[in-house]
Amino acid sequence: MNRPPGMMDVAREAGVSHITVSRVINDHPSVRPETRARVEAAIRKLGYRRNSVARALKSRRSATIGVVIVGSELFELPRILLGVETAAKQAGYWVSLASRQGESTTGDLVETLQRLTDQSVEAIAVVADRSVVVEALAGLVFEVPVAVVMSGSVPNPDLSFIEVDQELGARLVVRHLLDLGHRRIAHLSGPPRTFDARARVEGWQVELAAAGAEGALLEGDFTAASGFRLAHELCMREDGLPTAVFAGNDQMAMGVLAAFAERGAKVPQDVSLVGFDDMKGADYLVPALTTVRQDFFHLGTSAIELLVRMLQGEKAAREKITPELVVRRSTAPPRAGS
């Protein structure tokens, strides 16, 4: 044959009707054992494979969850996707992946979501690094359950949201530094267009205000280069170097360490340093980096578990995963008189 074998070919080979073939494929109990054996032998001989796409379009049941990735600053995306795929597989679902890079409009996002629903996906997880994506979803009506991962929330009762509690993570950092005795704590933030960066700034500000402490805010972009540049700026400030620096993430903290080394500022003797993410190798920096650990694998599995519960009839929900402060050698009490 010049085409893949179909159900009618199997029926002719086995000497049965196409309805009987369909019953065998779908494990219907009404088929006699000898008939089932004959059909299965024909399937093996012809190499027949069922058309899962056509079946999904007909039944609206694809056993597939769509995942939309929007943005290019999702540093821990592989771990999130591993969690998504692991949980989906355990729940009996496949994953269909779509991505949007750069600045995405509402129309772009709607088109991507529609392409997935046209493929009969049963639910969709949107993993985004920018809150503008979430805002674009605010007024949309969805054909399937949708969960937004890592991007905050908007007042849409049909959407579920799951994220690591970024604000709490920042507050844990500031509390740790305050407990050590620091009163001047600078924050080198990530880009404000990202939810993570804004939430960490908010946590830093709230905790400083509650303690009556002070600090400078300098804006970076989550890269080591921006951490390097901003650390040099801190060293040149007229009011002097703060006693502690909270970097927007571990990449920026790496740049800060390099800049301080050039300037002769010792960590933690002259200035304490904290990062965020607990990236691989953070414990092998010199000194080992105090940071905030985010369980991105758990974030991915939780997103799928949330969608599965929605498929089972539960309402949309908002969930936050608690981060963990990991204290290492880059933080210490400030020098006396600092």
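As a basis for the values below, the full set of heavy atoms in this structure was taken, side chains included, without hydrogen atoms, waters or symmetry mates.
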Please report the C-alpha distance between Glu122 and Leu311 in whole Å, then the side-chain angles of each, then the deciding distance to 0.1 Å, and finally whether the side-chain contact (heavy atoms from CB on, under 4.5 Å) criterion is met. CA-CA 8 Å; Glu122 298 185 37; Leu311 286 167; 4.1 Å; yes
Is the side chain of [X] donor-acceptor paired with the backbone N or O of [Y] at a distance under 3.5 Å, no angle test?
{"X": "Ser330", "Y": "Leu273", "answer": "yes"}
{"X": "Thr35", "Y": "Val31", "answer": "no"}
{"X": "Arg229", "Y": "Gly255", "answer": "no"}
{"X": "Asn249", "Y": "Phe222", "answer": "yes"}
{"X": "Thr301", "Y": "Gly83", "answer": "no"}
{"X": "Asp250", "Y": "Phe276", "answer": "yes"}
{"X": "Asp277", "Y": "Met279", "answer": "no"}
{"X": "Trp204", "Y": "Ser189", "answer": "no"}

Salt-bridge present (Lys45, Glu13; N to O < 4.0 Å):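 Yes, charged N to carboxylate O under 4.0 Å.
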Under 4.0 Å between a side-chain nitrogen and a carboxylate oxygen: does that hold for Glu34 and Arg38?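 Not counted as a salt bridge, because no side-chain N and carboxylate O are separated by less than 4.0 Å.
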When you group the ILVMFWY residues by side-chain heavy-atom contacts below 4.5 Å and let the links chain together, are [Y] and [X] in the same group?
{"X": "Val149", "Y": "Ile65", "value": "yes"}
{"X": "Leu218", "Y": "Leu257", "value": "yes"}
{"X": "Ile69", "Y": "Ile304", "value": "yes"}
{"X": "Val271", "Y": "Phe228", "value": "no"}
{"X": "Val164", "Y": "Leu172", "value": "no"}

Considering non-hydrogen atoms only, spot the tightest contact between [X] and [Y] and give its length.
{"X": "Leu116", "Y": "Val67", "result": "CD1-N, 4.4 Å"}
{"X": "Gly248", "Y": "Arg200", "result": "O-NH1, 2.7 Å"}
{"X": "Gly227", "Y": "Val256", "result": "O-CG2, 3.6 Å"}

Could you measure the distance from the CG atom of Asp278 to the CZ atom of Arg328? Nearest 0.5 Å is fine.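 Reported to 0.5 Å precision, the distance equals 4.5 Å.
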Determine all donor-acceptor pairs shorter than 3.5 Å in which one atom belongs to a side chain in residues 316-324; sequence neighbours excluded.
{"unit_1": "Arg318", "atom_1": "NH2", "unit_2": "Val154", "atom_2": "O", "d": "2.5"}
{"unit_1": "Glu319", "atom_1": "OE2", "unit_2": "Arg309", "atom_2": "NH2", "d": "2.5"}

Where at least one partner belongs to residues 77-93, residue pairs that pass salt bridge (charged side-chain N to carboxylate O under 4.0 Å, His left out), sequence neighbours excluded: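 Pairs touching residues 77-93 that pass the test: Glu76-Arg79.
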Can you label the angle between the Phe246 ring and the His187 ring as parallel, tilted or perpendicular, going by 30° and 60°?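 Judged by the thresholds at 30° and 60°, the geometry between Phe246 and His187 is parallel.
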